[in-house]
Amino acid sequence: MTTLIVTSSAHGSTREIAERVAEVLRTSQAVPTVVEDVEGAAAWLATADAVIVAAPVYTGSLAADARAFLDTRRAELADLPLVILASGGAPELAPPVREKLESYGPREVAYFRGALVEERLGRLEKLKLKLSRNEHYGDYRDWDAIEAWAKTLSGAGVR
Ligand SMILES: Cc1cc2nc3c(=O)[nH]c(=O)nc-3n(C[C@H](O)[C@H](O)[C@H](O)COP(=O)(O)O)c2cc1C
């Protein structure tokens, strides 16, 4: 039984969340877990017994590459327990984003605040942030909550 965590992470903070979830699954849940960037993840789908897609919200939508993965792999994902973990700067996941993510039929959509480090961003990204009123600079990742959530995943079919 292998769980595949598919991650999209332009600036690395979602990848670190995915790695922490994987560590909890492996060590305290004894679930063999692979973390793969979204570009290389399709090759692992055939060996996966459950899939977690971990991706950030950018300008009001899940990262485009993660959405493309969910769209193009919809048929394969329909046969597997699927969990979506979104991360973002806002305190809550915006309802339209949650609604869109629920449309992929996951067992669960989880949301955790991520990290937004000004020095890592380009000019255009900073401008987009300003325009979308998402300038929540800081590291808001709640590692205790992330680890506690990872321990509940067997309830969502991750074993
Ligand atoms: C250009 C840009 C747009 C963003 N838009 C949103 C948004 O609409 N909603 C939100 O909650 N967070 C938004 N964020 C914050 C990111 O989702 C957050 O910083 C996330 O942790 C980044 O993940 P990463 O380090 O894996 O790239 C945005 C960040 C950037 C750089």
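Atoms within a ligand are numbered from 1 in the order they appear, just like the ligands themselves. None of the values given here were measured: they were computed from a predicted structure.
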Short side-chain to backbone donor-acceptor contact, Arg159 and Ser154, under 3.5 Å: yes

Element-labelled atoms of ligand 1 that are located less than 4.0 Å from some non-hydrogen atom of Leu129: 2 (C), 3 (C), 4 (C), 28 (C), 29 (C), 30 (C)

Euclidean distance, Asp65 CG relative to Asp37 CG, rounded to 0.5 Å: 9.0 Å

Identity and separation of the nearest protein heavy atom to atom 24 (P) of ligand 1: Ser13 OG, 3.4 Å

Numbering as shown, the atoms of ligand 1 that approach Ser9 to under 4.0 Å (heavy-atom distance): 24 (P), 26 (O), 27 (O)

Part of Ala115 within contact of ligand 1 (heavy atoms, under 4.0 Å): backbone

Spacing of Ile84 atom CD1 and Glu108 atom CD [to the nearest 0.5 Å]: 10.5 Å

CD (Glu99) with more than 12 external heavy atoms under 6.0 Å: no

Selected option - heavy-atom contact closest to atom 14 (N) of ligand 1, from Val57, Leu127, Leu121: Val57

Arg141 side chain to Ser13 backbone, donor-acceptor under 3.5 Å: yes

Atom 4 (C) of ligand 1 [closest protein heavy-atom partner, distance rounded to 0.1 Å]: Thr59 N, 3.5 Å

Mode of Asn134 contact toward ligand 1 - side chain, backbone, both, neither (heavy atoms, under 4.0 Å): side chain

Atoms of ligand 1 close to Gly114 [distance to a heavy atom under 4.0 angstrom, numbered from 1]: 21 (O)

Contact atoms of ligand 1, heavy-atom distance to Ser87 under 4.0 Å: 17 (O), 21 (O)

For Ala90, atoms of ligand 1 separated by under 4.0 Å from a heavy atom: 10 (C), 11 (O)

Side-chain donor or acceptor of Tyr111 paired with backbone N/O of Gly88 under 3.5 Å: yes

Identity and separation of the nearest protein heavy atom to atom 1 (C) of ligand 1: Glu125 O, 3.6 Å

Shortest protein heavy-atom distance from atom 10 (C) of ligand 1, along with the residue and atom involved: Gly89 N, 3.5 Å

Gap separating the CG atom of Leu62 from the CZ atom of Arg98, nearest 0.5 angstrom: 12.0 Å

Donor-acceptor under 3.5 Å (Arg73 side chain, Ala42 main chain): no

Any side-chain donor near an acceptor of the partner, Thr14 and Ser87, under 3.5 Å: yes

Under 3.5 Å: N/O of Thr14 near N/O of ligand 1: yes

Region of Tyr111 that comes within reach of ligand 1 [heavy atoms, distance under 4.0 Å]: side chain

Nearest protein heavy atom with distance in Å, relative to atom 27 (O) of ligand 1: Tyr58 OH, 2.3 Å

Shortest protein contact, atom 8 (O) of ligand 1 (heavy atom only): Gly60 N, 2.8 Å

Between CH2 on residue Trp44 and CG on residue Leu4, distance to nearest 0.5 Å: 8.5 Å

